[in-house]
Structures are given as structure tokens and as C-alpha cells.
Amino acid sequence: MTASSGHPITTPPRAPSPVHGFGTLAVHAGSPHDPATGAVIEAISLSTTFAQTAVGKPVGEFEYSRSSNPNRANFEKMVAALEHAKYALAYSSGSATTANILQSLAAGSHVISVSDVYGGTHRYFTQVAKAHGVKVTFTPEIEVDIRDHITDATKLVWIETPSNPTLRLVDIRAVATAAHERGILVVVDNTFLSPYVQNPLDHGADIVVHSVTKYINGHSDVVMGVAAFNSDELYARLSFLQNAIGAVPSAFDSWLAHRGAKTLHLRAREATTNATAIAHALEASPLVISVNYPGLESHPHRAIALKQHRNGMGGGMLSFRIHGGHAAAEKFCQYTKIFTLAESLGGVESLCEIPSSMTHAGIPKAQREAVGIFDDLVRISCGVEDTEDLKADVLQALKRAVADAANGVSNGVNGTH
């Protein structure tokens, strides 16, 4: 990346609407019919190498699968279409995507990040990036104080919106405008919403990243990541690193993720329907301290959701604080019958977890609580099961958990998983 302080970047206007709608693109983008057989679903290309007709003249566009593979290339075309991007690059995990972008920064570079990021991103920023000379400043109010944190060494701003796990939103356009005044690139982690609900590039971001493992694949059977962007310069730099570092997905995983993404719009809509119903039920319960869900009118950043999210959708993720402390939170996760106690999110099945003890356990307690990750916080990923079944499951588990915590019943009994 050659963008540097003092050289403004023009924040692009919102991209024009694509010719086809999201569902049509999800099904057809990057999915050509096989010219030899007419197959409407692509074959899995497991070959690691490709024949050449002469030295340096491969038969087609592929030479070696680490550099490029038919399945990966088709998946990348599909993600680029869904994110309104010119390019997309796929990686072996969401964390590998983060690492690839940070590796593109020279030693001595400075990054500004929102405070409440995914635990793996926080770990990379504080332990790995620091080791190769990249300093990261965390801020809980990035739209308010971004200009205060910018230095001549600042090269990148990292945003999660919604954040994990407190579902705080960031005004992407406001941050991009401030960053671009100083020639600083903006990256948005869009994992929590998926390209169906939000397209950060349309709001001025330079790069959008996803853990494909989550909503894009959607079936809890692939670990992958992806980055999408419009800059030719970024493509040259990041594709070089993708190949040089080699953290690339297999052909089979690329095929599976592409297959999963064909139903993304259907799954994202159903997950939002389920999360909205559960959020309203939790908000109405006296057993709950507070609910974090951008689809609620009570969410402090609801206006941003209405501006940035498709139809103001809240997505399928929510978190809430339960009365009874950490003990009640643990019991809630033991007492659910449909929700599975497990890390990850965005699959067809519904999951629950306790961030302070699981996904964000590596972040010091004081730092966690400063951004709202308390020991009584439960994070929920709503799948595509029937709404009433999920709501009933949450409410029965909530009632039992709070009652047991109040009565001092020990953990480790009556678990259902």
C-alpha cells in the first residue's frame, strides 16, 4: 500500500445499483456453465498444476493452484459481485485475511482500530503486528476521535460494524471521509452482517473483509476468509502477498463456500427475522439487563443501521446481559435445547456462547468490560430454524438459568449439549 499521510484519497460516491438483484448475483455470478459438458454446477478442480503448451504458455489462465485455481477464482468473482467490488481475494481463514492485509504495511506503520473487535483480530494486532513493527491504537468512539489519533505514520483504519460481540455500529462514511483526508485506507470487517445486509464499499470503505466461515458459507463446514476492493494497486499488492504467503483455501473449500453463498440472501433474511423476534422477547423480559441488537429501535446506533443496512435489517446476531451474573449466563447456555453452546456464528444452526470465557477470553478483563463485554453477556447467532421454536427455547432457558443462579444451584448439571 502506498497511500500515505498528506495525500488525500477521494472517497468514492455510492456505487450504482448492479444490473441484477442480490439473489440473482448470488446464484449466477462466477458460475458459468461448463463449455464441454453443459454442467450448470462447476466441477471441483483438485489438480495442483496445469499443463502448458510451451514454456510459460499454460493451456488456460491457471498454472499452479497456490497462485490461482478455477474454484477459487469463481468464488472470488461471486464475492466481488455481491460486495460491488472489482476484485476479491480468498484466503484460508478470516484471520489469514487480516494477516495478509497487515503484512502489506511497512514496519513503523500505525493502525487505528475500533476497540471491540473479534478476539482473533485483537490478538493479531497486539501480539503479531506489534512484533513486525506495526503499532495499533484502539478507540471505542472512532467517529468522534479518529482525527485525534491520526499521525504521519497512520496507514490504515480498521472497523467492525457491527462489532463483536456488543453490536455497536460505526458510521463508515464519516470514518472514511476523515481517514481519506490524510490518505489513510479504511478496512471494514463485514462478517457479522454479510454482503446481503451491508456493502461497506458503497459507504466509502477501501477494503471489505469477511470470515467466509460464517454467513457467506453458512453451513459450519468450511474455514475461509475473503477481502474485496476496487483499487488496481491494492489488487497488485494483496494478490502478490496472497501467493507469496500461501494462506489460500483448497479447491474443495472454495467450491463449498461458493455453493453455500448461493442461498445467502435467503438465510440472511430468515436469520434476521429470528433475531428480531428474539431481541424483542428478551427486551421485554425482566430477567434481562439489556439487549444489543441493531434491529431494535432502542439501539443507540439505530439511525446508522437505517442508513447502512439493507432495509434497516438487524442481522442474525445479538447479545444480552442476563440477571444472575456469570453463573446465570453459563446456565443459560447449558439449558437451551435448540441453540448449541459453541463458538462461531452465521450457520444454518443457532448457537450461543459467553464471549468473556470463550471468543474474547484472551482480552484482559478490564479491556473487555470497557467495551461492554461483561461476564454476564451472552452472544447468540440465530440460524434458520422456526422462529417460535427459537423464541420458546430462549425464554425457557432464561427462566431456568436465572432461577438456578438465584437459588445457588451449581453448574455442570442438567446440561443438554
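- In this structure, Leu241 CG and Leu89 CG are separated by 10.0 Å, a value rounded to the nearest 0.5 Å.
- Although no hydrogens or angles enter the test, the distance criterion places no donor-acceptor pair under 3.5 Å between the side chain of Lys86 and the main chain of Asn230.
- Both tests pass for Arg321 against the ring of Phe374: distance under 6.0 Å to the centre and angle within 45° of the axis.
- A salt bridge does not link Arg72 to Asp253: none of the charged side-chain nitrogens sits closer than 4.0 Å to a carboxylate oxygen.
- Counting heavy atoms from C-beta on, the side chains of Glu42 and Asn74 come closer than 4.5 Å.
- A pairwise comparison of heavy atoms in Ala275 and Cys382 identifies CA-SG, 3.6 Å as the closest pair.
- Side-chain atoms of Thr340 and Glu349 form no donor-acceptor pair, as typed in the model, at a separation below 3.5 Å.
- Side-chain contact between Val291 and His299 is absent, with no heavy-atom pair separated by less than 4.5 Å.
- For the residue pair Asp206 and Ile184, the shortest heavy atom distance occurs at OD2-O, 4.2 Å.
- To the nearest 0.5 Å, the span separating CG on Leu345 from OG on Ser211 amounts to 7.5 Å.
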| Trp158 vs Phe125, side chain to side chain contact (heavy atoms under 4.5 Å, CB included): CA-CA, chis, key distance, verdict | CA-CA 10 Å; Trp158 191 280; Phe125 284 171; 3.7 Å; yes
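- Checking side-chain atoms of Thr121 against main-chain N and O of Val117 turns up no donor-acceptor pair under 3.5 Å.
- Atom CG in Asn100 sits 12.5 Å away from atom OG in Ser95 (nearest 0.5 Å).
- Both cation-pi conditions hold for Arg310 and Tyr196: the charged atom is under 6.0 angstrom from the six-membered ring centre and inside a 45 degree cone around its axis.
- Inspection of the His210 and Ser194 side chains reveals no N or O donor paired with an N or O acceptor under 3.5 Å.
- A salt bridge is defined here as a Lys NZ or Arg NE, NH1 or NH2 lying under 4.0 Å from an Asp or Glu carboxylate O, and Glu388 with Lys391 meets this definition.
- The side-chain heavy atoms of Thr154 and Leu156, taken from C-beta on, include no pair separated by under 4.5 Å.
- Put simply, the side chain of Thr53 gets close to the backbone of Lys57: a donor and an acceptor are under 3.5 Å apart.
- Classification of the Phe62-Phe50 ring pair by plane angle, with boundaries at 30° and 60°, yields tilted.
- The shortest distance between side-chain heavy atoms of Val208 and Gln198 does not fall below 4.5 Å.
- A salt bridge does not link Glu160 with Arg168: none of the charged nitrogens is closer than 4.0 Å to a carboxylate oxygen.
- The side chain to side chain donor-acceptor pair (under 3.5 Å) with Thr387 is formed by just one residue from the set Thr273, Asn274, Thr276; it is Asn274.
- The structure places NE2 of His258 at 10.0 Å from NZ of Lys77, a figure rounded to the nearest 0.5 Å.
- Between Val114 and Ile142, the shortest heavy-atom distance links the atoms CG1-CG2, 3.8 Å.
- Listed for the Thr272 side chain is a donor-acceptor partner under 3.5 Å among the backbone atoms of Gly315.
- Side-chain contact between Thr139 and His149 is present, with heavy atoms from C-beta onward closer than 4.5 Å.
- Contact annotation: the side chain of Tyr87 never approaches that of Ser239 to less than 4.5 Å [non-hydrogen atoms, C-beta and beyond].
- The main-chain N or O of Ala328 is never found under 3.5 Å from a side-chain atom of Asp376 such that the two would form a donor-acceptor pair.
- Between Tyr293 and His280, the ring centre distance reaches or exceeds 6.0 Å.
- A salt bridge is defined here as a Lys NZ or Arg NE, NH1 or NH2 lying under 4.0 Å from an Asp or Glu carboxylate O, and Glu233 with Arg237 fails to meet this definition.
- One distance of note links CG of Leu193 with CG of Leu167; it measures 8.5 Å at 0.5 Å rounding.
- When all heavy atoms of Pro195 and Leu264 are compared, the closest pair comes out as CD-CD2, 3.8 Å.
- In this structure, the side chain of Thr177 engages the main chain of Arg173 through a donor-acceptor pair within 3.5 Å.
- Minimum interatomic distance between Ala227 and Ile101 (heavy atoms only, all atoms of both residues): CB-CD1, 4.4 Å.
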| Checking side chain to side chain contact (heavy atoms under 4.5 Å, CB included) for the pair Ile322/Ile289: CA distance, chi angles, key distance, verdict? | CA-CA 6 Å; Ile322 187 172; Ile289 298 170; over 6 Å; no
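- For the atom pair Asp189 CG and Ser163 OG, the distance stands at 10.5 Å (nearest 0.5 Å).
- No side-chain donor-acceptor contact under 3.5 Å links Ser381 and Lys214.
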| task | In sequence, state the C-alpha distance, the side-chain angles, and the governing distance for Asn217 and Met224, and then conclude on side chain to side chain contact (heavy atoms under 4.5 Å, CB included). | result | CA-CA 9 Å; Asn217 177 62; Met224 267 179 68; over 6 Å; no
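- The two atoms that bring Ile373 and Thr166 nearest to each other are CG1-CG2, 4.0 Å, heavy atoms only.
- A donor-acceptor pair under 3.5 Å links the side-chain atoms of Gln242 to the main chain of Ala90, judged by distance alone.
- Counting heavy atoms of neighbouring residues, nucleotides and ligands inside a 6.0 Å radius, atom NZ of Lys135 does not exceed 12 of them.
- With no hydrogens or angles considered, a side-chain donor-acceptor pair links Glu283 and Ser298 at under 3.5 Å.
- The environment of Arg66 atom CZ is dense: over 12 non-hydrogen atoms of other residues, nucleotides or ligands sit within 6.0 angstrom.
- With hydrogens and angles disregarded, a donor-acceptor distance shorter than 3.5 Å links the side chain of His309 to the backbone of Met313.
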| said: Run Tyr235 and Phe229 through side chain to side chain contact (heavy atoms under 4.5 Å, CB included) and show every step you take. | reply: CA-CA 8 Å; Tyr235 178 75; Phe229 42 87; 3.7 Å; yes
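- Between the Arg400 side chain and the Tyr335 main chain, no donor and acceptor come within less than 3.5 Å of each other.
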| query | Given Asn243 and Ser67, is the side-chain hydrogen bond (donor to acceptor under 3.5 Å, both in side chains) satisfied, shown in steps? | reply | CA-CA 5 Å; Asn243 182 51; Ser67 303; 2.9 Å; yes
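- Residues Pro200 and Glu83 form a side-chain contact, since some pair of their non-hydrogen atoms from C-beta on lies under 4.5 Å apart.
- A salt bridge is defined here as a Lys NZ or Arg NE, NH1 or NH2 lying under 4.0 Å from an Asp or Glu carboxylate O, and Arg368 with Asp116 fails to meet this definition.
- Arg267 places a side-chain heavy atom less than 4.5 Å from the side chain of Val348.
- Side-chain atoms of His326 come within 3.5 Å of backbone atoms of Asp375 as a donor-acceptor pair (strictly under, hydrogens ignored).
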